Amino acid sequence: MSLVTFAASPLVITPTVRSFTFSPPIRRSNNTVMSAVRSEATSTCPVLTKFKKDCATPTPFLRDVANAIADDMQAGLAVHGGGDLEMILTYVDALPSGKEEGLFYALDLGGTNFRVRSVQLGGEEERVVATKSEQLSIPQKLMIGTSEELFGFIASKLADFVAKEEPGRFRLDQGRKREIGFTFSFPVNQTSIDSGTLIKWTKGFNVSGMEGKNVVACLNEAMEAHGLDMRVSALVNDGVGTLAGARYWDKDVMAGVILGTGTNACYVEQKHAIPKLQNQSSSGTTIINTEWGGFSKCLPRTIFDQEMDKDSLNPGEHLYEKMISGMYLGEIVRRVLLHMCQTSDLFGQAVPAKLETPLALKSQDLCKMQEDNTDDLSSVGSILYNIFEVKADLKDRRRVVEVCDTVVKRGGRLAGAGIVAILERIERETKRLASGQRTVVAMDGALYEKYPQYRQYMQDALVELLGDELASHVQIKHTKDVSGLGAALLAATNSIY
């Protein structure tokens, strides 16, 4: 993990107890462009000029966004469907303490791959004694097949994984059933710690016969059919798993955020501040899954965002996610470049055929272009040629980087506003920051990890909105791939034994 501390002085990276990766030192950028955009590259293209204006996120505007997200959070806590944010009760009322012991498992299903992990826990003294994981691809046909086919495939692979277990490293206590934490990163209406019904599929999945069904029951039935003596003890999403896994090592972790292909956030809430809990116990804390990708109010949407949304698998939904997550940044840039080609002299007289291919440009391509520090932007030229088969001159390369920076700056700053809304919600009930107490946000996802410009813009927004004093007590931990450990830990915390 790497640790980023927000302060008025230059930000420093401090290694933590369990380190996964280290990021380079990050400093507040004062809104300068952290890329190869040169001062002489100021655009004279009307399309680009308007696009930059429409995407602008000055501090007062970001404050409005953060306030609107906070209002939706409150509305969602008051009543089901009260606002854009689902504010789903996760029933995770107990977080890992470090005392957990035994053999537990985690299954992570949230995209085209799924990962299974075994974890041998040794209590406070030994902590994680042994762990093993395996990642497997899900055939495309199963993503749009039946629930029996999908969960049958997963159960068969789980059985194979358990069969290959090394007896010397992993020990299941006699008389105990294997218990698993199931990370299911799709919108779910959770009804208990180990049950929840699917609200809808996302991320290219459209498995029939699932909406409204208990996803835990589907997996349990499939495991039983494959002769696997295992049960789901905890149903979580990747944000909750990230929070729990990070909390195992650091008791000041109060939120988990995913910024990758998709995005979501969860945080620790005081039960007495959740009106929709009604007759349930109001003492203690619980984790709230915000499903913040569904936020839609006062966003700086352009014609390109509207057209991309219209052509997406879920038009009119997840508008915030479509502005800040890795799946969509490249596509927005592609659409802007296509329109610039059609209305100006970008790339010459003809529109490159490959520029009309949806999703041809990825967020990692934007990152590489923004990181090009050569005088002639040679990397930008190579990427444009390799993807679109165009020979761009230096003026065109500069314009392309301007578009990339505009989209990434908007996305990073909007993500920062969302994190501030969550931090201020936590602060409202706990006064942690005002009292000088450290508050940690556990962060995972390839977009955050691998895109330094995005990270910087997000962090600038945090400091601008919180102010230097409060921001100095906020830390962001990059907790790479910790959600699997978190799911296994929550299976242990909620064990039936």
Side-chain angles (χ1 to χ4, degrees), residues 54-55 57 60-90 110 185-190 196-203 211 237-240 255-269 273-277 286-302 305-329 332 410-426 428 441 445 458 461 465:
D54 292 345
C55 287
T57 52
F61 179 84
L62 284 185
R63 171 42 63 191
D64 289 342
V65 172
N67 289 347
I69 292 174
D71 289 345
D72 261 5
M73 290 173 69
Q74 181 60 43
L77 290 173
V79 63
H80 178 67
D84 285 346
L85 277 64
E86 298 275 357
M87 302 302 283
I88 297 168
L89 301 171
T90 67
S185 297
F186 301 92
V188 165
N189 179 27
Q190 197 143 354
T197 56
L198 178 71
I199 296 173
K200 60 189 170 189
W201 288 107
T202 56
K203 307 177 190 178
E211 293 196 10
N237 69 9
D238 50 356
V240 174
V257 176
I258 305 297
L259 282 169
T261 304
T263 184
N264 198 9
C266 63
Y267 71 102
V268 179
E269 180 63 276
I274 308 174
K276 67 181 179 184
L277 273 177
T286 190
I287 295 180
I288 294 294
N289 167 24
T290 66
E291 289 293 336
W292 75 357
F295 178 69
S296 65
K297 299 179 178 68
C298 66
L299 293 172
R301 297 182 76 211
T302 68
D305 297 293
Q306 294 170 31
E307 289 175 350
M308 183 185 70
D309 173 51
K310 183 180 66 177
D311 294 337
S312 70
L313 292 172
N314 55 344
E317 300 176 1
H318 282 238
L319 301 184
Y320 185 56
E321 180 172 75
K322 288 170 182 172
M323 285 189 168
I324 73 171
S325 73
M327 183 174 181
Y328 302 98
L329 299 181
I332 299 168
R410 181 186 69 170
R413 287 175 64 80
L414 287 173
I419 295 171
V420 166
I422 288 175
L423 288 169
E424 290 180 339
R425 175 74 199 186
I426 295 169
R428 172 177 157 181
V441 178
M458 184 195 80
L465 293 176

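All figures in this text were calculated on a predicted structure; none of them were measured in a lab.
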For [X] and [Y], work out which heavy atoms get closest and say how close.
X	Y	value
K322	E317	NZ-O, 3.0 Å
T290	A265	OG1-O, 2.7 Å
L85	W292	CG-CA, 3.9 Å
S312	D309	OG-O, 2.7 Å
A273	E269	CB-OE1, 3.9 Å
L62	A417	O-CB, 3.9 Å

Kindly say whether [Y] contributes a backbone atom to a donor-acceptor pair with the side chain of [X] at under 3.5 angstrom?
X	Y	answer
E321	G262	no
T261	M327	no
D84	S296	yes
R410	C55	no

- [ ] Decide yes or no on salt bridge (charged side-chain N to carboxylate O under 4.0 Å, His left out) for E291 and K200, but give the supporting numbers first.
- [x] CA-CA 12 Å; E291 289 293 336; K200 60 189 170 189; over 6 Å; no

- [ ] Taking ring-ring contact (aromatic ring centres under 6.0 Å, His included) as the test, write out the residues that go with Y328, two or more places apart.
- [x] none

Compare all side-chain heavy atoms of [X] with those of [Y] and state whether any distance is below 4.5 angstrom.
X	Y	answer
D72	M87	no
L77	R425	yes
L198	E211	yes

TODO: Step by step, work out the side-chain contact (heavy atoms from CB on, under 4.5 Å) result for I88 and N237.
DONE: CA-CA 11 Å; I88 297 168; N237 69 9; over 6 Å; no

Within this structure, what is the [atom1]-[atom2] distance for the pair [X] and [Y], rounded to the nearest 0.5 Å?
X	Y	atom1	atom2	result
M308	L319	CE	CG	9.0 Å
L414	I69	CG	CD1	8.0 Å
T263	M323	OG1	CE	14.0 Å
Q190	I199	CD	CD1	10.0 Å
I258	S185	CD1	OG	7.5 Å
M458	I324	CE	CD1	10.0 Å

TODO: Identify, with sequence neighbours excluded, every residue that meets salt bridge (Lys or Arg N to Asp or Glu O under 4.0 Å) alongside D64.
DONE: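 With neighbours one apart ignored, the set is empty.
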
TODO: Check step by step if side-chain contact (heavy atoms from CB on, under 4.5 Å) holds for D305 and I332.
DONE: CA-CA 7 Å; D305 297 293; I332 299 168; 3.5 Å; yes

TODO: Give the C-alpha distance, both sets of side-chain angles, the deciding distance and a yes or no for side chain to side chain donor-acceptor pair (under 3.5 Å) between T90 and N289.
DONE: CA-CA 7 Å; T90 67; N289 167 24; over 6 Å; no

Open item on the list: V65 vs R413, test: side-chain contact (heavy atoms from CB on, under 4.5 Å). Steps then yes/no.
Closed with: CA-CA 10 Å; V65 172; R413 287 175 64 80; over 6 Å; no

